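Structure record follows, encoded as structure tokens.
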Amino acid sequence: MSRREQLAAGLAAVRQRISAGCAAANRDPAGVTLVAVAKTFPAADVRLVTELGVWDVGENRDQEARAKAAEVADPRVRWHFIGRLQRNKCRSVARYADFVHSLDRPELVEALDAAATAAGRRCTVLVQVSLDATPGRGGADPAAVPELADRVAAARSLELGGVMAVAPLGADPGPAFGRLAELAAAVAERHPGARMISAGMSGDLEAALRFGATHVRVGSALFGVRPPVVR
Ligand SMILES: *Cc1c(COP(=O)(O)O)cnc(C)c1O
């Protein structure tokens with residue numbers, strides 16, 4: 001099987017899961033965007049998925065994402081930065097990222113906004129919420145989310161998109177995605193344009209769809225098992 005055929009098969013399976021998950025949740029699959037998480041896979045794979053009709057691509061490390069965006073060099077691709085964001089990476093991320101899903105601290109609003117403004121670009125930002133209080137996995141405390149969202153909405157070159165979360169490890173993701181949905185509703189009430197809910201990965205996208213996910217971030221179910229990351 002060629003790589004293109006492998007990716008086509010992976011994509012068909014993921015699309016099928018999204019349709020079934022939407023049917024079970026009584027939702028229209030047109031309301032769900034698949035973000036193909038290409039981390040550790042080469043730019044050639046990104047080109048192949050675009051040929052298969054996927055234009056939303058996720059990356060979690062700036063260095064890799066920046067290089068891949070430069071290599072793919074196709075303005076039709078929407079790059080989603082989904083990894084831990086650091087202040088000193090904002091300048092770089094703002095140059096290629098159309099979406100940042102992982103903003104979780106007030107100082108990042110300032111840094112990312114300044115970077116996007118300097119680059120003459122706009123960036124849609126999701127506030128990442130921590131659903132399990134485990135330090136090191138990223139995400140703002142739920143209580144801090146409304147104020148962070150307000151700050152993003154007020155920033156000059158940032159658009160508030162909504163909220164993002166990663167389900168807690170080793171637990172039923174349903175209750176966590178339920179809490180995320182409540183927070184998303186509170187954010188959307190204050191900011192009617194901010195309706196994105198980025199939730200669900202290869203292992204738990206059906207649960208996320210039950211709780212209103214609008215963007216599922218799928219890596220391994222589409223691209224295959226990731227090679228171990230060498231840093
Ligand atoms: C890697 C990653 C994903 C995709 O994970 P899979 O289990 O491979 O689908 C989704 N979200 C984030 C934040 C990631 O880092």
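One-based numbering, in listed order, for ligands and for the atoms of each. Owing to the predicted nature of the structure, the values given are computational and were not obtained by experimental measurement.
Between Asp113 and Arg156, no side-chain nitrogen of the basic residue sits less than 4.0 Å from a carboxylate oxygen of the acidic one, so the salt-bridge criterion is not met.
Within the structure, side-chain hydrogen bond (donor to acceptor under 3.5 Å, both in side chains) pairs that include any residue of residues 159-185 comprise Arg122-Glu159 (at least two apart or interchain).
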Check ligand 1 for N or O atoms under 3.5 Å from a protein N or O and list each pair with its distance.
residue	atom	partner	partner atom	Å
ligand 1	8 (O)	Ser220	N	2.8
ligand 1	8 (O)	Ser220	OG	3.0
ligand 1	8 (O)	Arg226	NH1	2.7
ligand 1	8 (O)	Arg226	NH2	3.2
ligand 1	9 (O)	Ser202	N	3.0
ligand 1	9 (O)	Ser202	OG	2.5
ligand 1	9 (O)	Gly219	N	2.8
ligand 1	11 (N)	Arg217	NE	2.9
ligand 1	15 (O)	Lys39	NZ	2.7

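The closest side-chain donor-acceptor pair between His191 and Asp150 falls under 3.5 angstrom.
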Which donor-acceptor pairs under 3.5 Å do side chains of residues 103-110 form with protein atoms, sequence neighbours excluded?
residue	atom	partner	partner atom	Å
Asp104	OD2	Gly139	N	2.9
Arg105	NE	Glu107	OE2	3.1
Arg105	NH2	Leu85	O	3.4

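Not counting sequence neighbours, the partners of Phe99 by the ring-ring contact (aromatic ring centres under 6.0 Å, His included) test are His80.
Arg27 has its side chain within reach of Leu209: a pair of non-hydrogen atoms, C-beta onward, lies under 4.5 Å apart.
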